[in-house]
Each structure stands twice: as C-alpha cells, then as structure tokens.
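Read the numbers this way: they start at 1 and go in the same order the structure lists the ligands and their atoms.
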Amino acid sequence: MLHTLISMTRQKAIFPFYHAVSDTNPIHIKHLYQVRGIHQFEKDIHFFLKHYQPMRLDDVFNFVKDKKRKSKPGFFITFDDGLREVYDNIYPILKKYDIGAAIFLNSSFTDNKGLFFRYKASLLVEKIIKNPAFKVSKDVVKWSMDQRISSVEKAILSVNYQEKGRLDTLAEIIDLDFEKYLSECRPYMDSEQITELSKNGFCIGGHSKDHPLFSTLTADEQIRQAKVSTDWVHEKWPSTYSLFAFPFTDYGVNNSFFDNASYDISFGTAGLKNDSIHNHIQRIPIENYPYSAASIVIREYFYYMLKSIIGKNTIKRE
Ligand SMILES: [Zn+2]
C-alpha cells in the first residue's frame with residue numbers, strides 16, 4: 001500500500017521530525033506532548049529504512065532543487081530544540097544504522113543558558129499538581145485570574161511568548177527555581193556534545209534565538225530571530241549549507257520573510273504538503289500520536305490526496 005501511496009502522491013521524500021526520545025517523558029515536556037520511547041523510536045527507524053533511503057544533506061539540497069529523486073524515495077529526520085536526549089538516546093541509535101540527521105538549536109538555550117517558556121510552563125504545572133495547596137493560595141489564584149482563566153494549569157499553559165515574563169512571576173510565587181533546574185537536570189545539550197554530533201553525521205541548524213511564534217512578531221523581528229540563530233550556528237559549527245527550522249510553525253509567515261532570509265533551506269511542521277517557497281520543506285510531526293510511524297505516514301499520504309482534491313496541498317502565502 002505504501003508503495004502505491006508514494007507513487008500516487010509523487011512525494012519522493014519524507015521529513016519526519018521529533019524533539020526527544022526517552023522512556024520517561026522529561027518534566028519540562030510532560031505537560032506539552034508525549035515523546036517516543038527508545039524501543040518505539042527504533043521501530044520507527046526500521047519502518048523508514050524498509051521503505052525509504054536515508055538522505056544526507058547533499059541529497060536534501062538536490063531534492064530542494066528539483067523535488068525529484070532518481071533512486072528510492074528518501075527520508076531525512078530532524079530534531080528541534082537541541083535537547084539532551086538527542087545525544088543520550090537518539091545518537092547511539094542513528095549511529096548504529098548509519099543515518100544522518102539535523103538538529104535545530106535556539107541560541108539562547110543551548111548549553112543550558114536559558115529555558116524555553118513552554119518548558120517553564122510544563123515545570124510550573126508539574127509543581128502545582130504535586131502541591132495542590134498552591135491552587136488555593138491567594139497569590140496563585142490572583143495570578144491565574146490576571147490570565148482570565150480560573151484553572152491554574154490551563155492559565156499556565158495559555159501564557160504566550162509575549163507574556164512569558166508572567167511565568168517567571170509565578171515561579172517566584174511558588175518557589176520554583178528554573179536556574180536550578182537548568183544546572184541540575186541539564187535539559188539541553190552542551191556545545192561539546194553538539195560538536196561531536198556535527199562530526200558524526202548530524203547537520204546543525206538554527207531554530208531562532210528564544211523560540212517565539214513567528215506569526216506574532218514584526219517582519220524585522222522575524223528576520224532578526226532567524227539570523228541571530230543561523231549566524232551563531234555558522235560561527236560555532238561552520239557548514240556548507242545554512243539551515244533553519246521555524247519554532248512552533250511557519251503558519252502566517254509572509255513571502256517577504258522568505259525573500260529576505262539568509263539561510264539555504266528552511267523547515268516547517270505542517271505535515272506532508274507542498275510549499276510555494278522553493279527552499280522550504282514541510283515536515284511530518286511524529287510525536288503526540290500513539291501510533292506507529294507507518295500509520296502516521298500513511299495518514300499523511302491520505303490527507304495529502306484529500307487536500308489535493310480541494311486544491312489545498314500546497315501552502316500559499318501573502
Ligand atoms: Zn522548537
């Protein structure tokens with residue numbers, strides 16, 4: 001069936017994407033999404049290897065040029081946010097099968113210099129759940145009401161990039177120390193680990209400075225966020241091609257951004273879709289679905305075909 005779907009959709013490559021792989025969901029991720037377990041990830045890899053050929057960055061670059069592949073359909077895996085599980089759990093598996101991949105890093109967080117605001121939210125929710133007395137504490141209730149949501153957990157998870165300072169305020173109220181978490185749990189990889197990966201089949205790309213939702217930024221700020229991270233990557237891990245993956249989603253990002261961007265290839269998260277931007281690749285999110293990679297990918301081909309009937313399988317921009 002897969003073979004038929006590939007030839008019907010003429011999609012010659014897939015780009016699965018993950019954040020981490022671990023048998024225990026890290027607390028900073030626990031309340032946001034479910035990561036794949038180690039065994040499950042290895043099964044995903046078996047599926048990809050059975051039906052697709054692993055691509056290296058040169059293959060991806062050639063694919064971007066003409067959207068064709070001479071040989072078997074290809075796959076290229078990417079990992080966002082630069083989490084330690086990439087080094088600890090993913091790297092040994094990819095090495096075993098000799099598969100290359102790309103990782104996308106936030107310049108403000110690598111080396112545990114800072115923590116993504118959504119990860120802060122997950123840590124706060126965990127602390128509130130573990131200490132239910134906080135839910136009736138006067139200061140916490142007031143904080144939650146300022147967010148205009150009465151459930152504290154929901155209020156925490158509703159905080160956006162522009163309001164992220166509010167998470168620090170709540171952390172102070174409930175005595176949660178993000179710096180301590182960063183130094184003790186070390187959720188991100190450090191530069192030496194990334195250097196080792198870069199010498200062993202991993203390409204390194206930018207993922208913005210501190211992970212904003214691009215559609216909520218001004219045009220200048222979008223360019224700046226992308227450039228700061230890709231320049232920083234280029235300085236630390238120079239490579240032939242410069243890569244960038246949008247934090248969250250590229251939804252709502254206009255043509256003018258792509259016209260002015262200074263990288264070679266960028267990546268989105270919209271699933272199996274064509275994009276009107278020639279050097280922009282949409283990836284398939286694998287996490288969050290408790291299904292095999294096979295069923296996730298097959299579902300994407302079906303969506304793609306359904307959308308092609310109504311002419312919506314190509315992302316067009318203003
Ligand atoms: Zn991300």
Open item on the list: Below 30° counts as parallel, above 60° as perpendicular, anything between as tilted: where do the rings of Y52 and F75 land?
Closed with: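 Answer is perpendicular, since the angle exceeds 60°.
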Open item on the list: Ring-plane angle category for H28 and Y181, please: parallel below 30°, perpendicular beyond 60°, tilted otherwise.
Closed with: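 It falls in the perpendicular class, over 60°.
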Task: Donor-acceptor pair between Q34 and Y289 side chains, under 3.5 angstrom - done: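 Absent: no donor and acceptor within the cut-off.
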Open item on the list: If the threshold is 4.0 Å, N to carboxylate O, is there a salt bridge linking R317 and D250?
Closed with: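 So R317 pairs with D250 through a salt bridge.
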Open item on the list: Closer than 4.0 angstrom, basic N to acidic O: yes or no for R224 and D231?
Closed with: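 Looking at D231 together with R224, the answer is no, because their closest N to O distance does not fall below 4.0 Å.
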Task: Contacts of the Zn ion (ligand 1) with protein N/O/S atoms, counting only those under 2.8 Å - done: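 You should have found D81 OD1, H207 NE2, H211 NE2.
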Open item on the list: Looking at K113, I'd like to know if its NZ atom is crowded, meaning that more than 12 non-hydrogen atoms belonging to other residues, nucleotides or ligands lie closer than 6.0 Å.
Closed with: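 Enclosed: over 12 neighbouring heavy atoms sit under 6.0 Å from NZ of K113.
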